[in-house]
Protein chains: 2
Amino acid sequence: MPRVIKSKYAVLGILSLGPMSGYEIKKTIEGSLGNFWSESYGQIYPILRSLVAEGLATSRTEEQTGRPNRHVYTLTDTGRGTLVQWLAEPVEYDVGRVEILLKLFFGWQLPVEDSLTKLREFRTVYEGLGSKYEGIEQWLKSTQAGHPGLPYWLATVSYGQHLSRALLAWCDETASILGAIEGDQGHPAEVATPGRKNNGRDD
Amino acid sequence: MPRVIKSKYAVLGILSLGPMSGYEIKKTIEGSLGNFWSESYGQIYPILRSLVAEGLATSRTEEQTGRPNRHVYTLTDTGRGTLVQWLAEPVEYDVGRVEILLKLFFGWQLPVEDSLTKLREFRTVYEGLGSKYEGIEQWLKSTQAGHPGLPYWLATVSYGQHLSRALLAWCDETASILGAIEGDQGHPAEVATPGRKNNGRDD
DNA sequence: GATCGCATGTAAGTGGTTACATGATTTA
DNA sequence: TAAATCATGTAACCACTTACATGCGATC
């Protein structure tokens with residue numbers, strides 16, 4: 001079963017916006033997908049080569065003096081077809097790994113203040129993200145007005161906004177619940193583990 | 001010899017709940033952290049060995065007939081100290097990779113129906129997760145009443161609930177915005193790429 | 001009689017980052 | 001003069017997953 005190489009489609013997608021060099025692809029990803037995606041040169045350059053080998057892109061070399069020649073890649077029709085096909089495929093759910101939840105889960109074994117600090121740190125990050133998204137939204141609306149992609153790009157920003165608002169609310173709610181715990185935490189004890197012997201409910 | 005970072009602390013954390021075998025650790029992770037964390041045997045067994053080598057855990061062998069001997073691992077004081085130290089360290093923000101946003105970002109290049117379908121599929125997943133979390137919440141409250149870990153475990157469930165509620169709202173909002181786009185989408189065009197020449201705002 | 005649960009583990013592969021090498025040009 | 005920007009690329013490493021090997025006993 002060939003697993004899906006997502007980086008390949010990210011590059012294909014960026015190339016669908018116009019011919020570009022590897023360097024430009026990286027910059028474009030950072031500037032447009034940067035809030036929910038990233039790619040390193042270590043991925044981009046080998047992928048670019050494989051795209052040409054598979055006939056999904058062509059490359060032409062722009063001679064330059066004083067710096068390496070620019071290799072500009074252009075999507076072929078097959079390349080665009082491959083992208084469109086992938087875009088239509090359903091997104092599979094991935095559990096992922098949420099580090100703050102891992103830390104919080106074991107947090108009852110140490111002073112409640114430690115968990116509250118963690119929540120505050122977390123809150124600060126998402127507060128910052130929230131205002132960042134607001135700025136991006138304004139900037140998109142003013143610079144991309146009329147572009148058919150605008151509603152789609154705004155949707156990706158809106159995702160971030162909904163997410164950070166929700167996590168901020170969760171932080172506050174959780175902090176107030178944990179804050180109500182009396183101060184004598186931190187001593188390990190013999191306990192039953194949670195989540196085991198769960199009669200077919202979870203997972 | 002794999003040198004592991006976060007997985008190591010996940011195992012250490014599970015071991016802080018009581019002595020366990022590798023097999024039990026996997027089951028316990030699935031049953032308690034399963035909604036936001038996962039580990040494979042390919043990680044767990046080598047980690048267990050390295051924990052013993054580093055003095056963070058001890059192992060004793062329970063002889064068994066008809067099946068492999070059970071290796072039961074117990075946290076040492078140093079092991080518990082290492083865990084507590086890690087728990088207190090701040091969580092660094094990670095951009096991550098959100099596949100649905102990658103697909104949506106390029107969605108304007110194909111019929112709007114394709115993106116709406118994607119949103120519906122996504123919605124179904126988070127609807128299901130929402131009710132799953134509700135069940136877990138009830139189950140935790142009824143089976144773990146009085147346990148000092150309960151508020152912390154409920155907090156991890158609450159995270160999932162806030163998240164799925166937010167994403168559901170985002171889906172509906174986005175679907176209604178995209179739904180308002182007229183039907184003649186899908187033809188590629190020469191366009192400026194968004195997000196470039198952003199004067200120090202993004203990233 | 002098939003498959004699930006128990007129980008161990010490893011080898012190979014995947015998808016990814018980081019650090020490095022090179023070096024001219026522009027900007028602070 | 002230090003740094004960032006432009007521009008290419010690779011080798012080494014890292015964390016992690018998947019598939020496999022083994023095999024008994026209980027359940028469907």
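Proteins get letters first, then strands, A, B, ... in listed order; numbering begins at 1 in each. These figures come from a predicted structure and were not determined experimentally.
Between B/Leu51 and B/Lys8, the shortest heavy-atom distance links the atoms CD2-CG, 4.0 Å.
For B/Glu62, the CD atom sits in a packed shell: over 12 heavy atoms of surrounding residues, nucleotides or ligands are nearer than 6.0 Å.
Not a single donor-acceptor pair under 3.5 Å links the side chain of A/Thr61 to the backbone N or O of A/His71. Side-chain atoms of B/Lys118 come within 3.5 Å of backbone N or O of A/Ala88 as a donor-acceptor pair. A side-chain donor-acceptor contact under 3.5 Å links A/Thr76 to the backbone of A/Gly55.
Proximity of A/Ser40 to the phosphate of C/dA19: no side-chain N or O atom is located under 4.0 Å from OP1 or OP2. For B/Tyr23, a side-chain nitrogen or oxygen approaches OP1 or OP2 of C/dC6 to under 4.0 Å. Put simply, B/Gln64 has a side-chain N or O that comes within less than 4.0 Å of OP1 or OP2 on C/dA7. Residue A/Arg49 places none of its side-chain N or O atoms closer than 4.0 Å to OP1 or OP2 of D/dT8. A close approach under 4.0 Å does not occur between any side-chain nitrogen or oxygen of A/Ser7 and OP1 or OP2 of C/dT17.
The interatomic distance linking B/Tyr73 (OH) with C/dT8 (P) rounds to 8 Å, in whole Å. Rounded to whole angstrom, the span from the NZ atom of A/Lys26 across to the C1' atom of D/dA7 amounts to 12 Å. Taking atom CD on A/Glu99 and atom P on D/dC16, their separation rounds to 11 Å, with Å as the unit. A/His71 places its NE2 atom 10 Å from the P atom of D/dT10, with the value rounded to the nearest Å. Distance CD1 (B/Ile44) to P (C/dT8): 10 Å, rounded to an integer number of Å. Atoms CZ (A/Arg97) and C1' (C/dG16) sit 14 Å apart, rounded to a whole Å. Rounded to an integer number of Å, the gap from CD1 of A/Ile47 to P of C/dT17 is 10 Å. A/Asp94 places its CG atom 14 Å from the C1' atom of C/dT14, with the value rounded to the nearest Å.
Nearest nucleotide to the B/Pro68 side chain, out of C/dT8, C/dG15, D/dA7: C/dT8. For A/Ser21, the side-chain atoms get nearest to D/dT8 when compared with the rest of D/dT8, D/dT10, C/dT17. Side chain of B/Gln43, nearest nucleotide from C/dT17, D/dT17, D/dA7: D/dT17. Side-chain proximity of B/Arg67 to C/dT8, C/dT17, C/dG5: nearest is C/dG5.
Across its full length, the helix from C/dG1-D/dC28 to C/dA28-D/dT1 shows an angle of 40° between the axes of its 5 terminal pairs at either end, rounded to 10 degrees.
With sequence neighbours excluded, the residues that form a ring pair (Phe, Tyr, Trp, His ring centres under 6.0 Å) with B/Phe122 are B/Tyr126, B/Trp170.
At a cut-off of 3.5 Å, with distance as the only test, a side-chain donor of B/Ser7 or A/Arg97 sits close to an acceptor on the other residue.
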Verdict with supporting geometry, B/Arg120 and B/Glu127, salt bridge (charged side-chain N to carboxylate O under 4.0 Å, His left out):
CA-CA 10 Å; B/Arg120 263 195 303 276; B/Glu127 233 169 6; over 6 Å; no
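Each of A/Tyr41 and B/Val72 was assigned the nucleotide of DNA chain C with the nearest heavy atom; the assignment lying further toward the 5' end belongs to B/Val72.
Looking at heavy-atom distances under 4.0 Å, B/Thr61 makes no contact with the nucleic acid at all.
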